[in-house]
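One structure is given below, encoded as structure tokens.
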Amino acid sequence: MIQIICGEKGTGKTKEMLKRANDMATSAKGTIVYLDKSSQHIYELNNQIRLINVTEYPVCTYDGFIGFVSGLLSGNHDIECVFIDSLIKIANLSADAIKTAIETLESLSTDIQFICSVSMNESEMDSDLREKILISC
């Protein structure tokens with residue numbers, strides 16, 4: 001399952017993602033992973049959440065990002081949820097490629113929940129993606 005937290009830059013998407021990740025950590029039976037473009041939120045996350053600074057790895061393209069996530073999932077079979085903060089930046093996406101990225105992540109998410117933040121207004125998103133919006137900031 002894929003859920004999206006969307007809104008313009010500076011509207012509180014990251015704060016909402018951190019809150020949801022920490023809330024989930026209190027009852028999670030599996031691993032929670034938080035993919036980010038820096039390590040600045042390490043002290044804001046519950047110590048049971050695995051923060052991965054994607055910029056520390058050679059992920060330069062969309063295909064590289066999908067390979068990175070696939071490797072992450074194949075190496076740990078008890079991942080329950082993956083939070084992806086700033087999907088557009090981390091996955092090196094153009095606005096036109098967001099739908100494809102979400103569909104690809106959905107194909108990987110057999111038993112895994114993905115919660116992604118996207119710096120776009122709800123009105124700018126493809127109509128197929130609007131049904132996946134959890135919160136519009």
Side-chain angles (χ1 to χ4, degrees):
M1 174 171 66
I2 307 286
Q3 294 180 311
I4 300 170
I5 297 175
C6 66
E8 291 296 319
K9 183 177 178 175
T11 56
K13 295 180 302 298
T14 297
K15 184 177 178 181
E16 184 64 33
M17 296 269 291
L18 293 168
K19 178 186 176 303
R20 287 184 179 273
N22 286 328
D23 289 348
M24 189 176 283
T26 61
S27 62
K29 294 182 174 114
T31 303
I32 298 172
V33 178
Y34 194 98
L35 301 180
D36 205 347
K37 58 190 180 307
S38 74
S39 297
Q40 101 182 49
H41 301 295
I42 188 96
Y43 299 111
E44 297 172 64
L45 286 169
N46 183 305
N47 64 356
Q48 296 174 339
I49 298 169
R50 171 123 188 253
L51 173 69
I52 299 175
N53 179 355
V54 178
T55 62
E56 294 177 353
Y57 300 90
V59 178
C60 304
T61 64
Y62 163 72
D63 289 333
F65 173 74
I66 294 301
F68 182 83
V69 172
S70 297
L72 182 69
L73 300 178
S74 70
N76 188 344
H77 294 286
D78 75 338
I79 292 177
E80 189 173 317
C81 185
V82 177
F83 287 83
I84 305 173
D85 198 357
S86 301
L87 176 65
I88 293 172
K89 287 183 182 177
I90 288 177
N92 297 304
L93 297 174
S94 66
D96 299 337
I98 293 171
K99 182 178 178 185
T100 303
I102 295 292
E103 288 170 349
T104 304
L105 288 173
E106 195 154 45
S107 71
L108 296 173
S109 69
T110 52
D111 296 327
I112 300 163
Q113 181 179 7
F114 283 90
I115 300 177
C116 308
S117 72
V118 177
S119 292
M120 291 178 83
N121 283 326
E122 181 177 353
S123 62
E124 297 173 317
M125 298 186 86
D126 188 275
S127 59
D128 294 341
L129 296 179
R130 288 186 192 146
E131 65 189 34
K132 298 178 184 320
I133 293 175
L134 178 63
I135 295 174
S136 180
C137 298

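- Smallest separation of non-hydrogen atoms from Arg130 and Ser123: NH2-O, 2.9 Å.
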Go through Glu8 and Lys13 one step at a time and tell me if the salt bridge (Lys or Arg N to Asp or Glu O under 4.0 Å) criterion holds.
CA-CA 9 Å; Glu8 291 296 319; Lys13 295 180 302 298; over 6 Å; no

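- Phe83 and Ile66 fall into different hydrophobic clusters, where Ile, Leu, Val, Met, Phe, Trp and Tyr side chains are chained together by heavy-atom contacts under 4.5 Å.
- Judged purely by atom type and a 3.5 angstrom limit, Asn22 uses its side chain to pair as donor or acceptor with the backbone of Glu44.
- In terms of heavy atoms, Ala101 sits closest to Leu93 at CB-CD1, 3.7 Å.
- Rounding to the nearest 0.5 Å places CD of Glu122 at 5.5 Å from SG of Cys6.
- Across all non-hydrogen atoms, the minimal contact from Cys81 to Met24 is CB-SD, 3.4 Å.
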Salt bridge (Lys or Arg N to Asp or Glu O under 4.0 Å) evaluation trace for Lys19 with Asp23
CA-CA 6 Å; Lys19 178 186 176 303; Asp23 289 348; 3.1 Å; yes

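- In summary, the side chains of Ser119 and Lys9 do not present any donor paired with an acceptor at a separation below 3.5 Å, with no hydrogens or angles considered.
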Pair Ile112-Glu80, side-chain contact (heavy atoms from CB on, under 4.5 Å): steps then yes or no
CA-CA 5 Å; Ile112 300 163; Glu80 189 173 317; over 6 Å; no

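- Looking at Arg20, its side chain never comes within 3.5 Å of a backbone N or O of Ile115 through a donor-acceptor pair.
- Residues Ile98 and Val69 are members of one and the same hydrophobic cluster, defined by side-chain heavy-atom contacts under 4.5 angstrom among Ile, Leu, Val, Met, Phe, Trp and Tyr.
- Taking 4.5 Å as the limit, every side-chain heavy atom of Lys99 sits out of range of all side-chain heavy atoms of Met125.
- Residues Val118 and Val82 share a single hydrophobic cluster, defined by chaining ILVMFWY side chains whose heavy atoms lie under 4.5 Å apart.
- Residues Thr26 and Gln48 have side chains not in contact (no heavy-atom distance under 4.5 Å, counting atoms from C-beta outward).
- Across all their heavy atoms, Cys137 and Thr11 have their closest contact at CB-OG1, 3.4 Å.
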Under the side chain to side chain donor-acceptor pair (under 3.5 Å) rule, what do Thr55 and Asn53 come out as? Steps first, then yes or no, please.
CA-CA 5 Å; Thr55 62; Asn53 179 355; 2.5 Å; yes

Given Asp85 and Lys37, is the salt bridge (Lys or Arg N to Asp or Glu O under 4.0 Å) satisfied, shown in steps?
CA-CA 8 Å; Asp85 198 357; Lys37 58 190 180 307; 5.4 Å; no

As a quick check of understanding, evaluate side-chain contact (heavy atoms from CB on, under 4.5 Å) for Leu72 and Val33, giving each step before the final call.
CA-CA 9 Å; Leu72 182 69; Val33 178; 3.8 Å; yes

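- When all heavy atoms are compared, the tightest approach of Glu56 to Ser39 is OE2-OG, 4.0 Å.
- When the shell of 6.0 Å around CG of Asp126 is examined, it contains more than 12 heavy atoms from other residues, nucleotides or ligands.
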Would you please test Met17 and Asp36 for side-chain contact (heavy atoms from CB on, under 4.5 Å) and show each step?
CA-CA 11 Å; Met17 296 269 291; Asp36 205 347; over 6 Å; no

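- Contact detail for Ala91 and Phe65: the closest heavy-atom pair is CB-CD2, 3.4 Å.
- The salt bridge (Lys or Arg N to Asp or Glu O under 4.0 Å) test applied to Lys89 returns no partner, not counting sequence neighbours.
- Here the CD1 atom belonging to Ile42 is positioned 11.5 Å from the CD atom belonging to Gln40, to the nearest 0.5 angstrom.
- Between the side chains of Gln113 and Gln3, at least one donor N or O sits under 3.5 Å from an acceptor N or O.
- The distance from the CG atom of Leu108 to the OG atom of Ser70 is 4.5 Å, given to the nearest 0.5 Å.
- There is no side-chain donor-acceptor pair under 3.5 Å between Thr61 and Asp63.
- Counting heavy atoms from C-beta on, the side chains of Leu73 and Ile79 come closer than 4.5 Å.
- In the hydrophobic clustering of ILVMFWY residues, with side-chain heavy atoms under 4.5 Å counting as a link, Ile102 and Ile5 come out apart.
- A search for ring pair (Phe, Tyr, Trp, His ring centres under 6.0 Å) contacts involving Phe68 returns Tyr57, not counting sequence neighbours.
- Checking Thr31 against Asp78 by side-chain atom types alone, a donor-acceptor pair falls below 3.5 Å.
- Side-chain atoms of Arg50 never come within 3.5 Å of backbone atoms of Ile32 as a donor-acceptor pair (strictly under, hydrogens ignored).
- Counting heavy atoms from C-beta outward, Glu106 and Phe114 have side chains that stay 4.5 Å or more apart.
- Two different hydrophobic clusters hold Ile4 and Met1 under the rule that ILVMFWY side chains link at heavy-atom gaps under 4.5 Å.
- Residues forming a side-chain contact (heavy atoms from CB on, under 4.5 Å) with Glu131 (at least two apart in sequence, or on another chain): none.
- A side-chain donor from one of Tyr62 and Thr104 sits under 3.5 Å from a side-chain acceptor of the other.
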Walk me through whether Ser117 and Leu87 qualify under side-chain contact (heavy atoms from CB on, under 4.5 Å).
CA-CA 6 Å; Ser117 72; Leu87 176 65; 6.0 Å; no

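- No side-chain heavy atom of Leu51 sits under 4.5 Å from any side-chain heavy atom of Leu35.
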